[in-house]
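Computed from a predicted model, the values in this text were never measured in an experiment. Below, chains carry the letters A, B, ... as their sequence lines are ordered, and counting in each starts from 1.
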There are 2 protein chains.
Amino acid sequence: MVTIKDIARESGYSVSTVSRVLNHRNDVSPDAKKRIEEVVAEYHFVPNNNAKHLKQSNSKSIGVLVKGISNMLFASIVEEIQRMIEKTDYTVVVSYLDEDDDEVEQALLLCRERKPLGLLFLGGNPEYFKKGFAMVDLPCVLVTNLADKMDFSNLSSVATDDVAAAKCAVDALFEAGHQKIGILGGDIEKSYTSHLRFEGCLESFREHGRPFFPELCYEKARFSYGSAYRGMERLIRKYPDLTAVFAMSDVMAIGAIRALRDMDYRIPEDISVIGFDGTDLAEYYNPKLATIKQQYQTLATRSVEILFGQIELKKDRVHEIVPFEFVSGESIQKI
Amino acid sequence: MVTIKDIARESGYSVSTVSRVLNHRNDVSPDAKKRIEEVVAEYHFVPNNNAKHLKQSNSKSIGVLVKGISNMLFASIVEEIQRMIEKTDYTVVVSYLDEDDDEVEQALLLCRERKPLGLLFLGGNPEYFKKGFAMVDLPCVLVTNLADKMDFSNLSSVATDDVAAAKCAVDALFEAGHQKIGILGGDIEKSYTSHLRFEGCLESFREHGRPFFPELCYEKARFSYGSAYRGMERLIRKYPDLTAVFAMSDVMAIGAIRALRDMDYRIPEDISVIGFDGTDLAEYYNPKLATIKQQYQTLATRSVEILFGQIELKKDRVHEIVPFEFVSGESIQKI
DNA sequence: TCCATTTTTGTGAACTTTTACAAAAAAACC
DNA sequence: GGTTTTTTTGTAAAAGTTCACAAAAATGGA
């Protein structure tokens, strides 16, 4: 392997001068710079990252923990994050975990093994962080969940206002004249997102003067097609005179619609459905799905910007809300 | 930071004995092993990867290049690959590139910067490899494209037989009685996958005694909803008496269906559609999409296994075909 | 007990880079 | 020209591991 020593020998300068050129220092003569750059190009030399980071005791990597592996929105956000970080000299280490894995434990593991300079957390429950997060004293951004109640000085967050957004979804159903509305979401004990959206639902029910019986019209399922399918079956069985359903993700909405159709309900004539996330899928689905659009690009870019702000510029923590948007579709019918 | 020296001092043994325990060597006494493991646990010590890899001049990382960023099948495969590699002591570096980026250049860049021990290539065109791949003399597996014609000794591949699978899709349309069949795929000049599937289409047309006019019934688009939507519009305009369409991905099929519906065609009554990939989406779409199911899990696991075989066991290159499956749906009507 | 083996442990060099510090060279001043 | 200042360069230590080799300890046989 060609090392900095080879470049030094070949260019006639010392190792440290080569290092200076490599790191774009300005305390080196134009002559030396030119000659060394020639040799570097000739030998296709690229410095060894391990040696570099060993000396600087700096991994230049950032960890991404994704909780909820089949979440399409997360997939889009992760992709965007990767694209952004790729442009810098950082590496990204992505770790996927199941909806019910212990995120804090995984985070600690990741930190011990890879020693990242910062952490990006998709879908984690801020409440859990109390448990053991103080241990990993790293800049960290919680993406898609607001952590403004947490008092870790290095924990930022970027998220959609889930309460308001879910309320907006259910409001839309009430405004279309629906009275018997079912909710299909995650486990509010485990998923903080589900918990918040549930709160939003409650608010809407309250505001519309409707009592809400969670045990009756809240059905929990995982955020996947199949699980939503089965959840919808249970929900409609318990509550057969439903005229509308709010599903807490587009994927769930689609699973629910398939279940309803298989039971010969027509969408939206018999039952209206609204989803959440606003992925491409919602727009192309049949019927075009009414949904709440989250700005996944903004979520991704802001979280990376904030994290780098904390790591490199020692900026303060930030809690940022990214606006959402109601997207009308063909899956809601006025009654 | 706690280092191996601290553990050595604290346990009363030397650095090298600690190192031996850490690497599960068996030339160390049970006493020492026990004592050292205690101290390691107490201090939550994890060896510094940079130092380790520097000494071993071994990055223990594998690079994944993904060409075609919005390909849902690739997303699933990558996820699966990440999950597999996560269990080993390797790191994975994923690099996404656009459908029309230059993959070889990107591969070389990745190799120079990260020095991975092997490469996994999703959606690359084997033809391009001639250009500059010999330079990066690394074990490499082309996933979803067969490279049995390439004679690089360290280039393996795992793929679905695209020719046969596409033929199977078009056969299904012919067998349902269709005569005027349109094809919606990628650019056969640039996308090798599209090229192969196009060949499969040709074979089917030939076998059914039908002439095939690519300029008439082959419409090229990118593998995304929106692009397929516009492609379908053009296709139906050029060829208005179409009764069936084969779209080269499920996403494209769905984009096409939306375009057709917007022009008041009914699916499948007026036009039958068959997709490709067999993602969950196809099963839950409305109408349930007929498609060709690729075994994405097998593709992922086999490619990782083969790559590790080449890296660690110095095994020979392998070209492996993973079987596909025809999945019937509601989007095809017999006539 | 002594010697030959085997098992266990320690020493110190090596991996490649960065960087503090020192030294040399060049420039600027009188 | 001599002195000071600035610019440019080199030397050598350091980062945290692994590993070849040597040394020490334990074991076995006689």
Could you go through the salt bridge (charged side-chain N to carboxylate O under 4.0 Å, His left out) check for A/Arg83 and A/Glu80 one step at a time? CA-CA 5 Å; A/Arg83 286 192 156 240; A/Glu80 200 66 31; 5.9 Å; no
Is there a side-chain hydrogen bond (donor to acceptor under 3.5 Å, both in side chains) between B/Asn145 and B/Thr193 once you walk through the steps? CA-CA 7 Å; B/Asn145 266 154; B/Thr193 301; 3.2 Å; yes
Write down the protein N/O and nucleotide N/O pairs, taken from nucleotides 26-28 of chain C, whose separation is under 3.5 Å; answer none if there are no such pairs.
none

Review item, nucleotides 7-11 of chain D N/O atoms under 3.5 Å of protein N/O:
residue, atom, partner, partner atom, Å
D/dT9, OP1, A/Ser29, OG, 2.9
D/dT9, OP2, A/Ser29, N, 2.9
D/dT9, OP2, A/Ser29, OG, 3.2
D/dG10, OP2, A/Ser14, N, 2.6
D/dG10, OP2, A/Ser14, OG, 2.9
D/dG10, OP2, A/Thr17, OG1, 3.0
D/dG10, N7, A/Ser16, OG, 2.9
D/dG10, N7, A/Arg20, NH2, 2.9
D/dG10, O6, A/Arg20, NH1, 3.4
D/dT11, O4, A/Ser16, OG, 3.4

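B/Phe308 is linked by a ring-ring contact (aromatic ring centres under 6.0 Å, His included) to B/Tyr90, counting only residues two or more places apart in sequence or in another chain. For A/Phe45, the ring-ring contact (aromatic ring centres under 6.0 Å, His included) criterion is met by no residue, not counting sequence neighbours. A/Arg25 meets the salt bridge (charged side-chain N to carboxylate O under 4.0 Å, His left out) test with no other residue; sequence neighbours excluded. Residues meeting the side-chain hydrogen bond (donor to acceptor under 3.5 Å, both in side chains) test with A/Ser95, sequence neighbours left out: B/Glu86. Every ring-ring contact (aromatic ring centres under 6.0 Å, His included) that A/His195 has, sequence neighbours left out, goes to A/Tyr192. Shown here are the salt bridge (charged side-chain N to carboxylate O under 4.0 Å, His left out) partners of B/Asp6, two or more places apart in sequence or in another chain: B/Arg9. Residues forming a salt bridge (charged side-chain N to carboxylate O under 4.0 Å, His left out) with A/Asp187 (at least two apart in sequence, or on another chain): A/Lys220.
Overall bending of the helix from C/dT1-D/dA30 to C/dC30-D/dG1, expressed as the angle between end axes built from five pairs apiece, is 40° (10° steps).
Put simply, NE2 on A/His24 is 15 Å from C1' on C/dT18, counting in whole angstrom units. Remark: P of C/dT19 and CG of A/Asn23 are 7 Å apart, rounded to the nearest angstrom. Straight-line distance from the NZ atom of B/Lys5 to the P atom of D/dT18: 13 Å, rounded to whole Å. Atoms CG (B/Leu22) and C1' (D/dG16) sit 12 Å apart, rounded to a whole Å. Residue B/Ile4 contributes atom CD1, which lies 14 Å from atom P of C/dT11 at whole-angstrom precision.
Shown here for A/Arg302 and A/Val158, the closest heavy-atom pair between the two residues is CB-CG1, 4.1 Å. What you find for A/Pro116 and A/Gly63 is that their closest heavy atoms are CB-N, 3.6 Å.
Atom CG in A/Leu155 sits 11.0 Å away from atom CG in A/Leu138 (nearest 0.5 Å).
Among residue pairs with one or both ends in residues 37-48 of chain B, those qualifying as salt bridge (charged side-chain N to carboxylate O under 4.0 Å, His left out) are B/Lys33-B/Glu37, B/Lys34-B/Glu38, B/Arg35-B/Glu38; sequence neighbours excluded.
Within residues 48-55 of chain A, the residues that have a heavy atom under 4.0 Å from DNA chain C are, in order of number, A/Asn48, A/Ala51, A/Lys52, A/Lys55.
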